[in-house]
Amino acid sequence: MVLLEVGCGAGNTIFPLLSTYPDIFVHACDFSPRAVDLVKKHKDFRPDQLNAFVCDITSEQLTENMEPYSADIVTMIFVLSAVAPDKMPLVLQNVRSVLKHGGCVLFRDYAFGDLAQERLMSKGQQISENFYVRGDGTRAYYFSNEYLVDLFSKCGFTLEEICVHNKQVENRSLDLVMNRNWIQATFTLDSSGSQSLNGQHDLHVCEGKEDKLIADSSKNKSSSEEIDLSEDFCNMFGTSHNLNEVQIIGIKAKGHDFKIKMLTKEYQHTCKLTGLMLWESAQLMCSLLAENPSIVAGKRVLELGCGSAGICSMVAASSAQFVVATDGDAESLDLLRQNISSNLEPNLLDRIMIRKLFWGKKDDVMEVRELSGNDTGFDCIIGTDVTYNPDAILPLFKTARELISDKSNEDARAAFILSYIQRRVDENSILSNAMAQGFKLVDKWINGVHDSNGIISSWFSGNDVCSAYQNTTLSILYFEL
């Protein structure tokens, strides 16, 4: 049997599947080269069992990496919702080109009426019917059974089974109970033609019913990861973006008034590069640095994953000894250079350096560390919304460990400060990876849940920074070695 997994990520589904069914051959594709690289580096990777390849299935043909009409089963788990509706038929035709007649597609994705959809609707973030852009620029489509069946039927698929899985999920750390909806379906490719909806299929509401193969895909996910799936699923596919199509947005913080070039909203919601968007946690950290320059005063500061806006690095440059602003994406860095040169005074431009840093890449890490001076490392490392991808958490902390100074005294210990919106990656995952790299959590702050009485809470004293973010669940974690 031959199986294709579209959107394989780091292989959390693939390897348990191969261990259970050793006689199958798996093709696994993902738009992210990093995810595919992680699959190939997995201890259980065997090229005679698994073909892993990079593919944006909205624009690249699957048949370039596998034989046409060779797959018995295709899994599409939380994949299609990230695609613009007008691109969905292209994706299904691409899948059809590698699926045997009589083969099946196992589908699972977000369903109409999910709690996250209600939140996005209330915030006015609707692009089109049932299609939304989140605050970070990623997208989410919420499927009704009628729309899904019609979409597949028009592409030559026949519906075998469909149900909506309703579940109440409790997030104890936030004291929330959330109603979540997922849609599951099985479609077959029949050479005799497609089957339209025409009232022939009823929508079944299931309680705990899961197709076995689809259920297997989530065995290794914790309940907290399941909770956050629809809060920020990475933008897996999209149309091209155009850096000539920019808008100017104003960002104000105490003593600072930035005019930042960003992609227009039209291009943001179809762009795969999260570095080309301005995230809320960056704005929060920018405000805190402006209100509390002592956080970085006189220090060697490094920002990881700063993206194209660079507002935290620019504020830090006003009081730090110097700042190194980094990101792994070349296009984000190009726009970052424009924003920094147009917003900073000439005397501050000398305090900020821009470098490409792909987490875990030795050459990049060594080049950035040399900038710290005498190979001493950095006194303060800042990361805002760099924890949205589960596969990137370990490389993030490994890179921070390589670059943070371990020569600080007790009165001035080096710090790694993370600010993020709570999404797919839960706090326990972040903390376990931090601890594995030698970091110790010194303080934490969660907006809207509780305040600490330590370092971070003092940053909010005497200002109203928190009030601007009272409707968003933001966290700040403060680490030392």
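- In this structure, Phe25 and His27 have perpendicular ring planes: the angle between them is above 60°, well past the 30° mark.
- When all heavy atoms are compared, the tightest approach of Ile354 to Leu333 is CG2-CD2, 3.8 Å.
- For the residue pair Asn51 and Asn65, the shortest heavy atom distance occurs at ND2-O, 3.0 Å.
- Nearest heavy-atom pair across Thr384 and Ala282 is OG1-CB, 3.6 Å.
- Enclosure of atom NZ in Lys398 is not indicated, since only 12 or fewer non-hydrogen atoms of other residues, nucleotides or ligands lie within 6.0 angstrom.
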With ring-ring contact (aromatic ring centres under 6.0 Å, His included) as the criterion, how do Phe45 and Phe15 come out once you've worked through the C-alpha distance, each side chain's angles and the decisive distance to 0.1 Å? CA-CA 8 Å; Phe45 176 76; Phe15 294 107; 7.2 Å; no
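- Here the straight-line distance linking atom CG of Leu357 with atom CG of Asp329 works out to 12.5 Å at 0.5 Å rounding.
- In this structure, Leu4 and Val98 have side chains that are in contact, with non-hydrogen atoms separated by less than 4.5 Å.
- Side-chain atoms of Ser281 come within 3.5 Å of backbone atoms of Asp385 as a donor-acceptor pair (strictly under, hydrogens ignored).
- Under the 4.5 Å side-chain criterion, counting only non-hydrogen atoms from C-beta, Leu80 is in contact with Leu151.
- Scanning both residues, Val2 and Ser70, for their nearest heavy atoms gives CB-O, 3.4 Å.
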Let's go through Phe187 and Leu148 carefully: what are the C-alpha distance in whole Å and the side-chain angles of both, what is the deciding distance for side-chain contact (heavy atoms from CB on, under 4.5 Å) to 0.1 Å, and is it a yes or a no? CA-CA 10 Å; Phe187 296 92; Leu148 185 66; 4.1 Å; yes
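- Judged purely by atom type and a 3.5 angstrom limit, Thr58 has no side-chain atom pairing as donor or acceptor with the backbone of Lys87.
- The cationic group of Arg401 does not satisfy the cation-pi geometry with Phe416, failing either the under 6.0 Å distance to the six-membered ring centre or the 45° limit from the ring axis.
- Asn339 contributes no side-chain N or O that, together with a main-chain N or O of Ile260, makes up a donor-acceptor pair within less than 3.5 Å.
- Checked by atom type and distance alone, the side chain of Asp30 pairs as donor or acceptor with a backbone atom of Gly9 at under 3.5 Å.
- Asp327 places a side-chain N or O within 3.5 Å of a backbone atom of Gly307 that can act as its donor or acceptor partner.
- Between Leu62 and Cys55, the shortest heavy-atom distance links the atoms CD2-SG, 4.0 Å.
- Rounding to the nearest 0.5 Å places CD1 of Ile248 at 9.5 Å from NZ of Lys259.
- Considering OG1 of Thr399 and CD1 of Ile404, their distance stands at 12.5 Å, rounded to 0.5 Å.
- Here the straight-line distance linking atom CD1 of Ile77 with atom CD of Glu5 works out to 5.5 Å at 0.5 Å rounding.
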Val324 vs Phe378, test: side-chain contact (heavy atoms from CB on, under 4.5 Å). Steps then yes/no. CA-CA 9 Å; Val324 180; Phe378 293 86; 3.7 Å; yes
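- Side-chain contact between Arg96 and Leu92 is absent, with no heavy atoms from C-beta onward closer than 4.5 Å.
- Ring geometry for Trp182 versus His165: interplanar angle of 30 to 60°, hence tilted.
- Between Asp363 and Lys361, none of the side-chain N atoms (NZ, or NE/NH1/NH2) sits under 4.0 Å from a carboxylate O, so this pair counts as no salt bridge.
- Side chains of Lys261 and Gln338: a donor on one and an acceptor on the other come within 3.5 Å.
- The OG1 atom of Thr326 sits 11.0 Å away from atom CD of Glu367, with the distance rounded to the nearest 0.5 Å.
- Of the possible donor and acceptor atoms, one in the side chain of Asn433 sits under 3.5 Å from a partner among the backbone N and O of Ser429.
- A salt bridge does not link Arg369 to Glu402: none of the charged nitrogens lies less than 4.0 Å from a carboxylate oxygen.
- The backbone N or O of Ser313 lies less than 3.5 Å from a partner atom in the side chain of Glu303, making a donor-acceptor pair.
- Between the side chains of Glu161 and Thr186, no donor-acceptor pair is found at a separation under 3.5 Å.
- Between Leu106 and Ile73 the shortest side-chain heavy-atom distance falls below 4.5 Å.
- The main-chain N or O of Pro89 is never found under 3.5 Å from a side-chain atom of Gln93 such that the two would form a donor-acceptor pair.
- Side-chain atoms of Ser153 do not come within 3.5 Å of backbone N or O of Asp150 as any donor-acceptor pair.
- In this structure, Asn343 contributes its side chain and Met314 its backbone to no donor-acceptor pair below 3.5 Å.
- Using a 4.5 Å heavy-atom cutoff, the side chains of Phe397 and Leu418 are in contact.
- Aromatic rings from Tyr110 and Tyr141 are positioned such that their centres are separated by 6.0 Å or more.
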Using side-chain contact (heavy atoms from CB on, under 4.5 Å), reason through Val6 and Val74 one step at a time and then give a plain yes or no. CA-CA 7 Å; Val6 180; Val74 175; 3.9 Å; yes
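- The shortest side-chain heavy-atom distance between Phe107 and Thr75 does not fall under the 4.5 Å cut-off.
- Outside the 6.0 Å centre-distance limit, the rings of Tyr142 and Phe112 are not counted as a close aromatic pair.
- With rounding to the nearest 0.5 Å, the separation of CD1 in Ile14 from SG in Cys8 is 4.5 Å.
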side-chain contact (heavy atoms from CB on, under 4.5 Å) evaluation trace for Val105 with Phe157: CA-CA 9 Å; Val105 175; Phe157 293 90; 3.7 Å; yes
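- Looking at Ile57 and Cys29, their side chains come closer than 4.5 Å, going by heavy atoms from C-beta outward.
- The minimum heavy-atom distance between Val39 and Gly11, with the atom names listed, is CG2-N, 3.8 Å.
- Counting heavy atoms from C-beta outward, Lys444 and Phe479 have side chains that stay 4.5 Å or more apart.
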